[in-house]
Amino acid sequence: MKQLHYQNITSRFKRLLGIKDFSLFKKKIQKQIGKFLYRKKYTADDIIDIMCGLGLKEGSLVCIHASMMQFYNYTGNAEQLIDAIVAKIGPTGTLMMPAFPRIPDGCSYEDFIFNPLKDKTGAGYLAETFRKYPGVIRSNNVRHSVCALGPMAEYLVSEHNLGADCWDKYSPWYKLCEHDGLVFNFGLPREYMGTFHHCVESLLKNTHPYWAQFFIKPTTYHYIKDNEVIDYVNTDSTIYRKTNKKPVLKTFTDKEWKIARISNLEIKVFYAKEALSKMLELGKKGVSVYKYPNPKNYTF
(Lines give C-alpha, C1' and ligand atoms only; values in the text may rest on other atoms or scores of the structure.)
Protein backbone atom coordinates (compact mmCIF):
# COMPACT_ATOMS: atom_id res chain seq x y z
CA MET A 1 0.00 0.00 0.00
CA LYS A 2 2.79 2.41 0.90
CA GLN A 3 4.48 1.81 -2.47
CA LEU A 4 1.19 2.45 -4.34
CA HIS A 5 0.58 5.65 -2.32
CA TYR A 6 4.11 6.85 -3.13
CA GLN A 7 3.60 6.10 -6.84
CA ASN A 8 0.33 8.11 -6.86
CA ILE A 9 1.99 11.12 -5.21
CA THR A 10 4.93 10.92 -7.64
CA SER A 11 2.58 10.73 -10.66
CA ARG A 12 0.65 13.82 -9.51
CA PHE A 13 3.88 15.74 -8.89
CA LYS A 14 5.19 14.91 -12.37
CA ARG A 15 1.92 15.97 -14.00
CA LEU A 16 1.96 19.26 -12.07
CA LEU A 17 5.49 20.08 -13.28
CA GLY A 18 5.04 18.63 -16.75
CA ILE A 19 7.80 16.06 -16.21
CA LYS A 20 7.53 12.75 -18.07
CA ASP A 21 10.65 11.09 -16.66
CA PHE A 22 11.60 12.30 -13.19
CA SER A 23 14.85 10.34 -13.18
CA LEU A 24 15.97 11.95 -16.45
CA PHE A 25 14.91 15.38 -15.17
CA LYS A 26 16.98 14.86 -12.00
CA LYS A 27 20.03 13.81 -14.04
CA LYS A 28 19.78 16.92 -16.24
CA ILE A 29 19.72 19.17 -13.19
CA GLN A 30 22.66 17.30 -11.66
CA LYS A 31 24.62 17.68 -14.89
CA GLN A 32 24.06 21.43 -15.04
CA ILE A 33 25.28 21.80 -11.45
CA GLY A 34 28.08 19.26 -11.91
CA LYS A 35 29.63 21.16 -14.82
CA PHE A 36 30.42 23.99 -12.41
CA LEU A 37 31.65 21.74 -9.60
CA TYR A 38 33.82 19.59 -11.89
CA ARG A 39 35.63 21.68 -14.50
CA LYS A 40 38.28 19.28 -15.80
CA LYS A 41 37.59 18.52 -19.45
CA TYR A 42 38.52 15.17 -20.96
CA THR A 43 38.47 13.34 -24.27
CA ALA A 44 37.84 9.82 -25.46
CA ASP A 45 41.60 9.23 -25.40
CA ASP A 46 41.69 10.25 -21.72
CA ILE A 47 39.01 7.66 -20.97
CA ILE A 48 40.95 5.02 -22.90
CA ASP A 49 44.07 5.77 -20.86
CA ILE A 50 42.14 5.07 -17.65
CA MET A 51 40.59 1.91 -19.12
CA CYS A 52 44.06 0.66 -20.06
CA GLY A 53 45.17 1.24 -16.49
CA LEU A 54 42.28 -1.01 -15.43
CA GLY A 55 43.18 -3.81 -17.82
CA LEU A 56 41.97 -2.89 -21.31
CA LYS A 57 44.34 -4.04 -24.05
CA GLU A 58 44.46 -5.27 -27.61
CA GLY A 59 42.33 -8.39 -28.00
CA SER A 60 40.16 -7.72 -24.92
CA LEU A 61 36.55 -8.86 -24.66
CA VAL A 62 34.80 -5.81 -23.26
CA CYS A 63 31.28 -5.04 -22.08
CA ILE A 64 30.23 -1.43 -21.46
CA HIS A 65 27.37 -0.11 -19.30
CA ALA A 66 27.14 3.68 -19.30
CA SER A 67 25.11 6.74 -18.37
CA MET A 68 26.31 9.51 -20.65
CA MET A 69 24.35 12.01 -18.57
CA GLN A 70 27.24 11.66 -16.11
CA PHE A 71 29.88 12.67 -18.69
CA TYR A 72 29.75 16.27 -17.44
CA ASN A 73 32.86 17.68 -19.15
CA TYR A 74 33.47 15.15 -21.89
CA THR A 75 34.43 17.02 -25.05
CA GLY A 76 33.65 14.23 -27.53
CA ASN A 77 30.56 12.29 -28.49
CA ALA A 78 29.34 8.70 -28.12
CA GLU A 79 30.61 7.56 -31.51
CA GLN A 80 34.10 8.92 -30.84
CA LEU A 81 34.26 6.95 -27.59
CA ILE A 82 33.19 3.77 -29.37
CA ASP A 83 35.74 4.45 -32.14
CA ALA A 84 38.49 4.81 -29.52
CA ILE A 85 37.57 1.58 -27.71
CA VAL A 86 37.34 -0.38 -30.97
CA ALA A 87 40.71 1.00 -32.09
CA LYS A 88 42.34 0.05 -28.80
CA ILE A 89 41.09 -3.56 -28.66
CA GLY A 90 41.93 -3.94 -32.35
CA PRO A 91 40.73 -6.53 -34.86
CA THR A 92 41.14 -9.39 -32.35
CA GLY A 93 39.07 -7.68 -29.64
CA THR A 94 35.30 -7.78 -29.16
CA LEU A 95 33.01 -5.09 -27.76
CA MET A 96 29.50 -5.75 -26.43
CA MET A 97 26.78 -3.64 -24.82
CA PRO A 98 23.28 -4.31 -23.45
CA ALA A 99 20.51 -3.78 -25.99
CA PHE A 100 17.23 -4.74 -24.33
CA PRO A 101 14.37 -3.13 -26.27
CA ARG A 102 11.92 -0.56 -24.93
CA ILE A 103 8.54 -2.20 -24.40
CA PRO A 104 5.63 0.11 -25.37
CA ASP A 105 3.50 1.35 -22.50
CA GLY A 106 0.63 -1.01 -21.80
CA CYS A 107 2.23 -3.85 -23.74
CA SER A 108 3.23 -7.11 -22.05
CA TYR A 109 6.21 -9.25 -22.99
CA GLU A 110 3.78 -11.95 -24.11
CA ASP A 111 2.28 -9.52 -26.66
CA PHE A 112 5.44 -7.69 -27.73
CA ILE A 113 7.11 -8.68 -31.02
CA PHE A 114 10.79 -7.78 -30.96
CA ASN A 115 12.50 -6.58 -34.12
CA PRO A 116 16.26 -6.85 -33.42
CA LEU A 117 17.13 -4.87 -36.56
CA LYS A 118 14.94 -1.86 -35.78
CA ASP A 119 13.91 -1.64 -32.14
CA LYS A 120 15.81 0.92 -30.09
CA THR A 121 17.54 -0.16 -26.93
CA GLY A 122 16.52 1.06 -23.50
CA ALA A 123 20.10 0.76 -22.21
CA GLY A 124 21.07 4.39 -22.76
CA TYR A 125 22.53 6.70 -25.39
CA LEU A 126 25.93 5.03 -25.73
CA ALA A 127 24.33 1.60 -26.16
CA GLU A 128 21.86 2.96 -28.72
CA THR A 129 24.71 4.58 -30.68
CA PHE A 130 26.56 1.26 -30.61
CA ARG A 131 23.46 -0.60 -31.84
CA LYS A 132 23.63 1.48 -35.04
CA TYR A 133 27.42 1.24 -35.35
CA PRO A 134 28.72 -0.45 -38.56
CA GLY A 135 29.14 -4.22 -38.27
CA VAL A 136 27.30 -4.63 -34.95
CA ILE A 137 25.01 -7.64 -34.55
CA ARG A 138 22.31 -8.19 -31.93
CA SER A 139 20.94 -11.17 -30.03
CA ASN A 140 17.29 -12.19 -30.41
CA ASN A 141 16.62 -12.41 -26.67
CA VAL A 142 13.77 -10.04 -25.84
CA ARG A 143 14.40 -9.42 -22.13
CA HIS A 144 18.17 -8.96 -22.21
CA SER A 145 19.29 -8.54 -25.81
CA VAL A 146 22.97 -7.77 -26.43
CA CYS A 147 24.83 -6.06 -29.27
CA ALA A 148 28.36 -7.10 -30.17
CA LEU A 149 31.14 -6.27 -32.61
CA GLY A 150 34.29 -8.26 -33.30
CA PRO A 151 35.47 -11.83 -33.91
CA MET A 152 33.54 -13.21 -30.89
CA ALA A 153 30.30 -11.36 -31.71
CA GLU A 154 28.52 -14.23 -33.46
CA TYR A 155 29.56 -16.67 -30.73
CA LEU A 156 28.24 -14.31 -28.05
CA VAL A 157 24.82 -13.48 -29.48
CA SER A 158 23.77 -16.38 -31.72
CA GLU A 159 22.41 -18.72 -29.00
CA HIS A 160 20.84 -16.18 -26.66
CA ASN A 161 17.27 -17.37 -27.32
CA LEU A 162 18.16 -21.06 -26.92
CA GLY A 163 18.74 -21.18 -23.17
CA ALA A 164 16.28 -21.88 -20.38
CA ASP A 165 16.67 -18.26 -19.23
CA CYS A 166 18.48 -15.06 -20.21
CA TRP A 167 21.72 -15.77 -18.31
CA ASP A 168 22.58 -19.46 -18.59
CA LYS A 169 25.47 -21.00 -20.54
CA TYR A 170 23.91 -20.08 -23.89
CA SER A 171 23.88 -16.38 -23.02
CA PRO A 172 26.38 -13.65 -23.91
CA TRP A 173 26.52 -12.79 -20.20
CA TYR A 174 27.81 -16.21 -19.18
CA LYS A 175 30.15 -16.40 -22.18
CA LEU A 176 31.53 -12.98 -21.24
CA CYS A 177 32.47 -14.36 -17.83
CA GLU A 178 33.79 -17.64 -19.19
CA HIS A 179 36.20 -15.80 -21.48
CA ASP A 180 37.67 -13.36 -18.94
CA GLY A 181 35.64 -10.38 -20.12
CA LEU A 182 36.04 -6.88 -18.71
CA VAL A 183 32.80 -5.21 -17.62
CA PHE A 184 33.25 -1.42 -17.56
CA ASN A 185 30.66 0.85 -15.93
CA PHE A 186 30.79 4.57 -16.75
CA GLY A 187 28.95 7.05 -14.54
CA LEU A 188 26.74 4.49 -12.80
CA PRO A 189 26.15 4.10 -9.05
CA ARG A 190 29.01 2.61 -7.03
CA GLU A 191 26.99 -0.55 -6.32
CA TYR A 192 25.90 -1.08 -9.92
CA MET A 193 27.44 -4.21 -11.43
CA GLY A 194 25.73 -4.85 -14.72
CA THR A 195 23.67 -7.70 -16.11
CA PHE A 196 26.33 -10.39 -15.72
CA HIS A 197 25.56 -10.77 -12.00
CA HIS A 198 22.27 -12.50 -12.93
CA CYS A 199 24.33 -15.49 -14.03
CA VAL A 200 24.56 -16.37 -10.34
CA GLU A 201 20.87 -17.17 -9.92
CA SER A 202 20.81 -18.99 -13.26
CA LEU A 203 23.78 -21.22 -12.42
CA LEU A 204 22.57 -21.94 -8.86
CA LYS A 205 18.85 -22.40 -9.58
CA ASN A 206 19.07 -26.19 -9.38
CA THR A 207 21.03 -26.20 -6.13
CA HIS A 208 18.76 -24.42 -3.64
CA PRO A 209 15.10 -23.24 -3.29
CA TYR A 210 16.22 -19.65 -2.74
CA TRP A 211 17.71 -19.48 -6.23
CA ALA A 212 15.01 -21.65 -7.81
CA GLN A 213 12.30 -19.07 -7.03
CA PHE A 214 13.78 -16.72 -9.63
CA PHE A 215 12.76 -19.16 -12.39
CA ILE A 216 9.17 -20.34 -11.92
CA LYS A 217 7.29 -18.66 -14.76
CA PRO A 218 7.74 -19.93 -18.35
CA THR A 219 7.06 -17.08 -20.76
CA THR A 220 6.77 -17.20 -24.54
CA TYR A 221 8.62 -14.40 -26.32
CA HIS A 222 8.48 -13.36 -29.96
CA TYR A 223 11.01 -11.86 -32.35
CA ILE A 224 11.21 -11.17 -36.08
CA LYS A 225 13.76 -12.84 -38.31
CA ASP A 226 13.62 -12.71 -42.12
CA ASN A 227 10.06 -11.28 -41.89
CA GLU A 228 8.90 -14.29 -39.87
CA VAL A 229 7.74 -14.18 -36.25
CA ILE A 230 9.62 -16.77 -34.19
CA ASP A 231 8.70 -17.87 -30.67
CA TYR A 232 10.86 -19.15 -27.87
CA VAL A 233 10.33 -19.83 -24.15
CA ASN A 234 12.37 -18.49 -21.24
CA THR A 235 11.72 -19.07 -17.57
CA ASP A 236 11.71 -16.07 -15.24
CA SER A 237 9.81 -14.88 -12.17
CA THR A 238 7.52 -12.05 -11.18
CA ILE A 239 8.74 -11.96 -7.56
CA TYR A 240 9.54 -8.57 -6.07
CA ARG A 241 13.28 -7.88 -6.07
CA LYS A 242 15.32 -5.27 -4.26
CA THR A 243 19.08 -5.25 -4.41
CA ASN A 244 21.72 -4.57 -1.81
CA LYS A 245 25.08 -5.38 -3.34
CA LYS A 246 27.19 -4.20 -0.40
CA PRO A 247 27.47 -7.67 1.25
CA VAL A 248 28.94 -8.99 -2.00
CA LEU A 249 31.06 -5.98 -2.97
CA LYS A 250 32.72 -5.76 0.43
CA THR A 251 34.25 -9.20 -0.23
CA PHE A 252 35.71 -8.08 -3.58
CA THR A 253 39.41 -7.34 -3.92
CA ASP A 254 41.33 -5.92 -6.87
CA LYS A 255 41.09 -9.41 -8.39
CA GLU A 256 37.36 -8.82 -8.88
CA TRP A 257 37.07 -5.06 -9.48
CA LYS A 258 38.84 -1.71 -9.57
CA ILE A 259 37.67 1.90 -9.59
CA ALA A 260 39.12 5.06 -11.14
CA ARG A 261 37.86 8.57 -11.81
CA ILE A 262 38.29 11.39 -14.29
CA SER A 263 36.62 14.71 -13.43
CA ASN A 264 33.26 13.64 -11.95
CA LEU A 265 33.12 10.41 -13.97
CA GLU A 266 33.62 7.22 -12.00
CA ILE A 267 34.88 4.32 -14.10
CA LYS A 268 34.61 0.83 -12.64
CA VAL A 269 35.77 -2.44 -14.09
CA PHE A 270 34.66 -5.90 -13.02
CA TYR A 271 36.89 -8.81 -14.00
CA ALA A 272 33.91 -10.94 -14.94
CA LYS A 273 35.36 -14.43 -14.52
CA GLU A 274 36.81 -13.73 -11.08
CA ALA A 275 33.75 -11.73 -9.98
CA LEU A 276 31.32 -14.46 -11.03
CA SER A 277 33.42 -17.13 -9.34
CA LYS A 278 33.37 -15.14 -6.09
CA MET A 279 29.61 -14.52 -6.32
CA LEU A 280 28.92 -18.22 -6.93
CA GLU A 281 31.02 -19.11 -3.91
CA LEU A 282 29.07 -16.60 -1.81
CA GLY A 283 25.74 -17.66 -3.29
CA LYS A 284 26.21 -21.23 -2.15
CA LYS A 285 26.54 -19.82 1.39
CA GLY A 286 23.43 -17.65 1.11
CA VAL A 287 25.13 -14.31 0.41
CA SER A 288 23.16 -12.58 -2.33
CA VAL A 289 22.97 -9.23 -4.12
CA TYR A 290 19.26 -9.24 -3.22
CA LYS A 291 17.78 -7.70 -0.12
CA TYR A 292 14.40 -9.05 -1.26
CA PRO A 293 13.87 -11.95 -1.47
CA ASN A 294 16.00 -12.09 1.67
CA PRO A 295 18.38 -15.09 1.78
CA LYS A 296 18.44 -14.78 5.57
CA ASN A 297 15.02 -16.39 5.58
CA TYR A 298 16.55 -19.60 4.19
CA THR A 299 18.92 -22.22 5.52
CA PHE A 300 21.98 -22.85 3.38
Side-chain angles (χ1 to χ4, degrees), residues 42-74 76-90 92-100 121 123-131 133 136 144 146-150 152-153 156-157 171-199 245 248-249 252-279 289:
Y42 55 94
T43 67
D45 288 339
D46 294 326
I47 294 175
I48 294 299
D49 287 343
I50 289 180
M51 293 176 73
C52 290
L54 297 174
L56 184 73
K57 60 185 179 181
E58 185 175 352
S60 290
L61 168 58
V62 186
C63 178
I64 305 288
H65 296 266
S67 172
M68 291 208 75
M69 290 295 293
Q70 298 298 313
F71 286 52
Y72 292 173
N73 293 299
Y74 175 54
N77 57 39
E79 191 166 82
Q80 287 170 341
L81 179 55
I82 295 169
D83 286 342
I85 296 170
V86 170
K88 186 62 187 180
I89 62 177
T92 59
T94 298
L95 177 60
M96 63 179 268
M97 295 192 199
F100 57 87
T121 173
Y125 186 74
L126 186 69
E128 174 61 13
T129 302
F130 183 59
R131 181 187 71 85
Y133 197 82
V136 166
H144 285 282
V146 165
C147 280
L149 174 69
M152 292 185 68
L156 290 169
V157 308
S171 75
W173 304 109
Y174 175 80
K175 293 174 182 178
L176 169 72
C177 299
E178 185 180 38
H179 290 274
D180 288 319
L182 303 174
V183 180
F184 281 95
N185 294 342
F186 297 147
L188 292 160
R190 176 64 62 92
E191 289 188 21
Y192 185 84
M193 286 186 177
T195 310
F196 84 100
H197 80 77
H198 291 299
C199 293
K245 300 186 176 76
V248 170
L249 290 177
F252 279 14
T253 68
D254 59 9
K255 287 177 58 180
E256 287 85 28
W257 75 330
K258 288 182 182 177
I259 302 171
R261 181 182 291 273
I262 183 168
S263 190
N264 74 293
L265 185 68
E266 183 172 275
I267 300 175
K268 299 192 302 289
V269 64
F270 289 92
Y271 306 108
K273 188 172 185 176
E274 295 288 347
L276 179 60
S277 177
K278 175 64 73 68
M279 287 190 288
V289 298

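Keep in mind that this is a model prediction, so the values were computed, not measured.
Around NZ of Lys278, the count of heavy atoms belonging to other residues, nucleotides or ligands within 6.0 Å exceeds 12. In the displayed structure, Tyr125 atom OH is contacted under 6.0 Å by at most 12 heavy atoms of other residues, nucleotides or ligands.
Using cut-offs of 30° and 60° for the angle between ring planes, the His144 and Phe100 rings count as perpendicular.
Looking only at atom types and distance, the side chain of Asp83 has a donor-acceptor partner in the side chain of Tyr133 under 3.5 Å away.
Here CE of Met96 is found 7.0 Å from CG of Leu61. Values are rounded to the nearest 0.5 Å. Atom CD1 of Ile262 sits about 8.0 Å away from atom CG of Asp49, to the nearest 0.5 Å. How far NZ of Lys273 is from NZ of Lys255: 12.0 Å, rounded to the nearest 0.5 Å. Residue Leu81 holds its CG atom at 10.0 Å from OG1 of Thr43, rounded to the nearest 0.5 Å. The CD atom of Gln70 sits 4.0 Å away from atom OH of Tyr72, with the distance rounded to the nearest 0.5 Å.
Of the possible polar contacts, one joining the Lys268 side chain to the Pro189 backbone as a donor-acceptor pair under 3.5 Å is found.
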Set out, in order, the CA-CA distance, both residues' side-chain angles and the distance that settles side chain to side chain contact (heavy atoms under 4.5 Å, CB included) for Met193 and Val183, then state yes or no. CA-CA 8 Å; Met193 286 186 177; Val183 180; over 6 Å; no

Derivation and outcome, side chain to side chain contact (heavy atoms under 4.5 Å, CB included), residues Trp173 and His198: CA-CA 8 Å; Trp173 304 109; His198 291 299; over 6 Å; no

Can you check side chain to side chain contact (heavy atoms under 4.5 Å, CB included) on Trp257 and Val269, steps first, answer last? CA-CA 5 Å; Trp257 75 330; Val269 64; 5.8 Å; no

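Between Arg131 and Glu128, at least one side-chain N (NZ, or NE/NH1/NH2) sits under 4.0 Å from a carboxylate O, which counts as a salt bridge.
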